[in-house]
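Worksheet for the structure shown next.
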Amino acid sequence: MTETTQHRTPDSRPTGGLSAQYQPGEVEQRRYENWVSQGYFTADPASDKPPFSIVIPPPNVTGSLHVGHALDHTIQDTLSRLKRMQGFEVLWLPGMDHAGIATQNVVERQLAAQQLSRHDLGREKFVEKVWEWKAQSGGAILGQMRRLGDSVDWSRERFTMDEGLSRAVQTIFKRLYEDELIYRANRIINWCPRCLTALSDIEVEHTDDEGELVSIRYGEGENAIVVATTRAETMLGDTAVAVHPDDERYKHLIGTEVELPLTGRRIPIVADEHVDPSFGTGAVKVTPAHDPNDFEIGQRHDLPSITMMDERAVVTVHGPFEGLDRYEARPAIVAALREEGRIVAEKRPYVHSVGHCSRCKTTVEPRLSLQWFVNTGPLAKAAGDAVRDGRVSIEPAELSKRYFAWVDNMHDWCISRQLWWGHRIPVWYGPDGEVVCVGPDEEPPAGFTQDEDVLDTWFSSALWPFSTMGWPERTPELEKFYPTSVLVTGYDILFFWVARMMMFGLYAMDDVQPFNVVNLHGMVRDGHGKKMSKSFGNVVDPLDWIERYGADATRFTLARGANPGSDVPISEEWCQGSRNFCNKLWNATRFALMNGATVEGELPPAEELSAIDKWILSRLQHVIGEVDEYFATYEYAKVCDTLYHFAWDDVCDWYLELSKPVLAGSEAANSQRVLGHVLDQLLRLLHPVIPFVTEELWVALTGGETVVKAQWPAIDKELIDDAAEEELAALQKVVTEVRRFRSDQGLKPSQRVSAALTGLGNVGIDTHEPLIRSLARLDAPGDGFTATATLAVSGAITVDLDTRGTIDVAAERARLEKDRTAAEKEAAQCRAKLGNESFIGKAPEQVVTKIKDRLATAEADLTRIAAALEALPTA
RNA sequence: GGGCGCGUAGCUCAGUGGGAGAGCACUCGCCUUACAAGCGAGGGGUCGUAGGUUCGAAACCUACCGCGCCCA
């Protein structure tokens with residue numbers, strides 16, 4: 001298998017230098033570099049063509065191409081290439097995200113290997129170090145995008161931390177600040193005790209974890225009250241116990257105080273509507289500094305907040321527990337309470353929902369702290385309205401419900417992060433508590449110091465559709481390409497990113513939406529629909545597939561699985577199938593070249609064409625129409641499926657086989673031209689999904705410069721030919737029936753059989769008799785022809801075969817009986833319907849007619865099957 | 001707990017009122033001058049369960065069972 005069969009074909013016929021098998025590795029790099037150097041992907045804002053633009057969801061600078069990117073990029077590249085061929089000026093803008101926490105973590109890990117922390121370097125040196133890291137190791141994904149074939153405009157690559165984008169960040173921050181849409185406040189936020197930073201709500205992942213539920217008795221005797229908690233350690237920070245105001249069990253206690261165990265503090269018992277009387281004992285401990293719900297209860301009842309842990313989740317309250325980590329403190333405190341006889345019940349394990357840092361998986365600690373927030377109210381309203389009024393459509397539309405649920409209930413967005421890598425908050429503080437927000441071209445007053453925090457990475461990502469085009473300047477790019485045409489991304493970041501781009505885009509761009517369409521795709525899963533995970537060992541590395549099967553096969557596998565809104569299962573077997581498909585195209589084109597296929601000159605007029613040529617041209621028109629329709633509705637799987645079947649079934653299995661005799665003869669010219677045309681069009685249609693093999697083949701076939709710039713096929717209604725399609729359907733039926741007979745009879749393909757065909761004229765295919773004979777391997781009846789079997793094909797065609805007396809009667813009887821059973825079932829179904837008066841009376845006329853036709857066909861079949869069975873010799 | 005979605009062939013999925021489909025897998029036969037990464041033929045499904053609407057339900061409605069995702 002290692003040796004290629006490059007010169008196996010007779011060299012008398014030109015093959016365009018194509019080997020017997022497609023070798024993607026040899027083609028891809030060469031083609032890609034050529035496309036880029038020719039400038040095919042460079043967008044021109046001054047162009048007269050209508051614009052089509054996509055901004056890439058910027059991958060993390062730390063990232064490498066995983067299979068999710070491969071899907072996302074395949075779709076974007078497919079759309080970009082399609083639109084380019086359709087005559088649009090296409091901008092697909094690439095770039096990367098600085099990925100605050102992720103990148104800082106990477107560099108900190110490197111420092112840790114040298115026993116250093118970022119504090120040893122200091123802020124300035126550390127940030128320098130991160131830039132160094134980026135220069136050396138960042139952006140591996142960019143090279144990998146080339147291998148996938150991404151037709152991005154490399155001349156416009158951007159980075160969220162580059163100068164222009166930083167300027168955009170500062171500009172919008174100041175605007176929002178001045179519009180009072182950004183504020184600073186002491187709030188309870190999600191805190192990662194490992195990353196030591198605040199997180200926004202959506203950077204927290206909830207999972208059901210095993211914990212414990214401990215019931216603790218506060219107070220003594222009649223005034224005792226039992227609270228249930230999963231976080232016993234936080235009792236050190238309790239400032240109240242809350243019950244529901246209507247809870248009869250506790251009415252007498254409302255307004256009284258109990259002693260908080262282990263501390264000697266006395267805390268009030270308050271009534272609050274938000275307490276669920278059915279949870280636990282119906283009484284809850286209130287720790288305003290360490291729980292978001294408790295924080296709100298605290299606000300409503302004016303309770304003090306006692307912070308009992310530091311930023312690393314270590315207990316800071318003086319006493320025996322001071323210095324213990326939260327997980328050490330929990331059992332220690334439970335033990336101490338148990339000793340006092342205060343533990344009433346313990347449930348272990350107790351499964352409940354726990355939040356984790358989306359970056360490092362550490363359990364999030366709610367923490368009261370001073371942070372910056374975006375007031376999302378008016379921004380989220382506008383973001384919802386843009387979808388509601390149709391300026392932005394979400395595809396598939398069902399997912400817009402989720403979008404509304406999110407934007408209509410958005411919490412204020414915590415945007416400050418206690419990190420060093422990111423856009424530093426442009427707010428400066430004066431010696432006397434002055435606060436100044438500094439714009440891009442402004443200087444802070446002397447003696448002021450800048451806020452230490454940086455912005456959430458998603459803050460700059462939210463500006464991506466316009467910051468990358470030069471905003472806040474009014475650039476030709478913005479003029480031409482904003483709003484962007486489509487945003488392609490996974491439904492998992494609808495909230496992270498899409499909603500935020502909508503808010504900032506509408507705000508910054510005078511209420512013009514950042515994109516017209518949001519095309520959401522699913523998550524890539526393994527061949528059994530399971531989530532890919534390292535621990536499960538089912539992760540596909542797209543680069544591995546590209547290496548072994550080619551970028552086109554990888555892309556086709558992904559696109560073929562991409563049904564709207566649903567996840568995309570892939571497996572290596574299916575990728576092999578895609579590779580086989582590319583090879584099929586390769587060989588079809590090779591065959592065409594060996595047989596003089598050409599794209600020179602006009603197509604011959606219909607009246608000069610054979611039914612076969614007219615048929616394939618007609619089929620092609622339908623396919624063009626279907627592909628256009630499916631692209632318009634983002635049905636990538638159906639685009640692929642349609643083209644796969646047209647190419648393999650119609651073109652290769654039938655058209656090429658039917659054309660072989662003509663192409664080998666002296667009157668091949670018309671078919672050579674039609675074959676050239678069909679392949680030319682087919683390769684164009686496939687190019688957006690599988691760019692490399694189509695480019696190689698199209699150039700070989702047509703001698704053109706590149707299929708990248710070729711015009712997208714348009715339907716020619718003149719070429720639709722129903723008569724030719726019916727004719728070919730009849731022809732296919734005869735051939736298939738004879739093949740089935742041969743197969744059932746165990747006749748080998750090499751075994752020629754004499755046969756007489758009658759009745760072909762009944763369906764107008766008498767002229768195709770030689771073809772039928774060739775495809776079904778039937779010889780003309782010679783002297784001494786004796787029919788030993790008769791095959792009655794529906795449509796009054798009869799094939800008498802001379803099988804030299806060796807007919808397998810049992811096999812033939814079985815075959816006919818199977819046909820009879822099917823026909824009987826069909827006839828019975830039809831009769832039942834037609835015998836139903838309600839059906840006749842209420843069903844539409846064309847349905848009734850159709851059923852009548854079906855019955856007639858079934859009855860005719862039954863008659864000929866009965867005759868054939870009758871004619872069989874008895875065993 | 002709230003919301004959304006899904007149960008169709010061994011696997012993964014199309015089909016959304018009128019003849020149960022595809023890819024892969026499987027069985028049988030073939031080195032057939034483009035392709036064995038191929039060609040030809042075939043087997044395989046009470047469309048999750050139970051009711052209902054309808055002349056007619058895989059599709060529409062209700063309930064239940066099972067699974068998934070998002071949010072709290």
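When reading the values below, keep in mind they use all heavy atoms of this one structure, side chains included, and skip hydrogens, waters and symmetry mates. Letters go in sequence order (proteins before strands), and every chain restarts at 1.
- In the displayed structure, A:K361 atom NZ is contacted under 6.0 Å by more than 12 heavy atoms of other residues, nucleotides or ligands.
- Between the side chain of A:R739 and the base of B:A41, no donor-acceptor pair of N or O atoms lies under 3.5 Å.
- With a cut-off of 3.5 Å on both pairing distances, the Watson-Crick or G-U wobble partner of B:C11 is B:G23.
- Residue contacts shown for A:L656 include a base, since a base heavy atom lies under 4.0 Å away.
- Put simply, A:K660 has a side-chain N or O that comes within less than 4.0 Å of OP1 or OP2 on B:A34.
- The same atom, C1', is picked in B:C64 and in B:G7; the two are 14 Å apart, to the nearest Å.
- As judged by a 4.0 angstrom heavy-atom cut-off over every strand, A:S566 is placed among residues touching the sugar-phosphate backbone only.
- At a threshold of 4.0 angstrom between heavy atoms, the contacts of A:N409 with the nucleic acid are absent.
- Cation-pi geometry between A:R739 and A:W654 is satisfied (NZ or CZ under 6.0 Å from the ring centre, within 45° of the ring normal).
- Between the side chains of A:S578 and A:T557, a donor-acceptor pair is found at a separation under 3.5 Å.
- In this structure, A:N583 reaches the bases: a heavy-atom distance under 4.0 Å links it to at least one base atom across the strands shown.
- Among the protein residues, A:K584 comes within range of the nucleic acid bases, having at least one heavy atom under 4.0 Å from a base atom.
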query: Which letter, B, S or -, goes with each nucleotide of nucleotides 16-27 of chain B from 5' to 3', with contact meaning a protein heavy atom under 4.0 Å?
result: --BB--SSS---

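- At least one test fails for A:R560 against the ring of A:W574: distance under 6.0 Å to the centre or angle within 45° of the axis.
- For the pair A:Q846 CD and B:G56 P, the computed distance is 18 Å after rounding to whole Å.
- With a cut-off of 3.5 Å on both Watson-Crick or G-U wobble distances, the partner of B:C4 is given as B:G68.
- With A:Y655 as the aromatic partner, A:K660 does not meet the cation-pi criteria of under 6.0 angstrom to the ring centre and within 45 degrees of the ring axis.
- With a 6.0 Å cutoff to the six-membered ring centre and a 45° limit on the axis angle, A:R619 does not count as a cation-pi contact of A:F646.
- For the pair A:R831 CZ and B:G56 C1', the computed distance is 19 Å after rounding to whole Å.
- A salt bridge links A:R388 and A:D408; the closest N-O separation between the charged side-chain nitrogens and carboxylate oxygens is under 4.0 Å.
- For A:K638 and B:G15, the NZ to P distance is 4 Å, given to the nearest whole Å.
- In this structure, the CZ atom of A:F591 is 13 Å from the C1' atom of B:U32, given to the nearest Å.
- Of the P atoms belonging to B:G15 and B:A9, the separation is 15 Å, rounded to the nearest Å.
- Across the C1' atoms, B:A57 and B:A50 are found 15 Å apart, a figure rounded to whole Å.
- No side-chain donor-acceptor contact under 3.5 Å links A:N580 and A:Y549.
- A sub-4.0 Å separation between OP1 or OP2 of B:G68 and a side-chain N or O of A:K530 is absent.
- Here A:E365 pairs with A:R231 in a salt bridge; the nearest charged N to carboxylate O distance falls below 4.0 Å.
- The CD atom of A:E845 sits 19 Å away from the P atom of B:C55 (whole-angstrom rounding).
- Within the structure, a side-chain polar atom (N or O) of A:N580 is placed less than 4.0 Å from OP1 or OP2 of B:G38.
- Within 4.0 Å of A:S571, counting heavy atoms only, lies no atom of the nucleic acid at all.
- Across all strands shown, B:A50 pairs with B:U62; the Watson-Crick or G-U wobble distances both stay below 3.5 Å.
- Base pairing of B:C39 is made with B:G29, judged by Watson-Crick or G-U wobble geometry with both donor-acceptor distances under 3.5 Å.
- Counting heavy atoms from C-beta on, the side chains of A:R777 and A:V753 never come closer than 4.5 Å.
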task: For side chain to side chain donor-acceptor pair (under 3.5 Å), just list the numbers for A:H521 and A:D72, CA-CA rounded to whole Å, side-chain angles, deciding distance to a tenth of an Å, and then say yes or no.
output: CA-CA 8 Å; A:H521 55 73; A:D72 193 50; 2.6 Å; yes

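- Comparing the P positions of B:C4 and B:G45 gives a spacing of 36 Å, expressed to the nearest Å.
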Nucleotide N/O to protein N/O under 3.5 Å, stretch nucleotides 1-8 of chain B:
{"unit_1": "B:G5", "atom_1": "OP1", "unit_2": "A:K401", "atom_2": "NZ", "d": "3.1"}

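- Across all strands shown, nothing is found opposite B:G45 as a Watson-Crick or G-U wobble partner with both distances under 3.5 Å.
- Going from the C1' atom of B:G23 to that of B:A63 covers 36 Å, rounded to whole Å.
- In this structure, B:G18 forms a base pair with B:C55, meeting either the Watson-Crick or the G-U wobble geometry with both donor-acceptor distances under 3.5 Å.
- Across the P atoms, B:U16 and B:C28 are found 37 Å apart, a figure rounded to whole Å.
- Using a 4.0 Å heavy-atom cutoff across all strands shown, A:C582 reaches no nucleic acid atom at all.
- Between A:K531 atom NZ and B:C67 atom P the separation is 17 Å, expressed in whole Å.
- Nearest-nucleotide positions on RNA chain B place A:P569 closer to the 5' end than the other of A:V204 and A:P569.
- Checking each of A:L663, A:T598, A:D680, A:L701 against A:L675 for a side chain to side chain contact (heavy atoms under 4.5 Å, CB included) leaves exactly one that passes, namely A:L663.
- With P as the reference atom, B:G18 and B:C61 are 16 Å apart, rounded to whole Å.
- In this structure, A:K748 places its NZ atom 7 Å from P of B:C31, rounding to the nearest Å.
- For A:E824, the CD atom counts as densely surrounded, since its 6.0 Å shell holds more than 12 non-hydrogen atoms of other residues, nucleotides or ligands.
- Distance check on atom P: B:U49 versus B:A34 gives 50 Å, rounded to whole Å.
- In the interface, the side chain of A:Q576 is not paired with the base of B:A37 through any donor and acceptor atom under 3.5 Å apart.
- In this structure, A:R777 and A:I570 both approach RNA chain B, and ranking their closest nucleotides by distance from the 5' end singles out A:I570.
- Remark: P of B:U12 and CD of A:E572 are 18 Å apart, rounded to the nearest angstrom.
- Contact annotation for A:D653: backbone-only contact, meaning every heavy-atom pair under 4.0 Å involves sugar-phosphate atoms and none involves a base.
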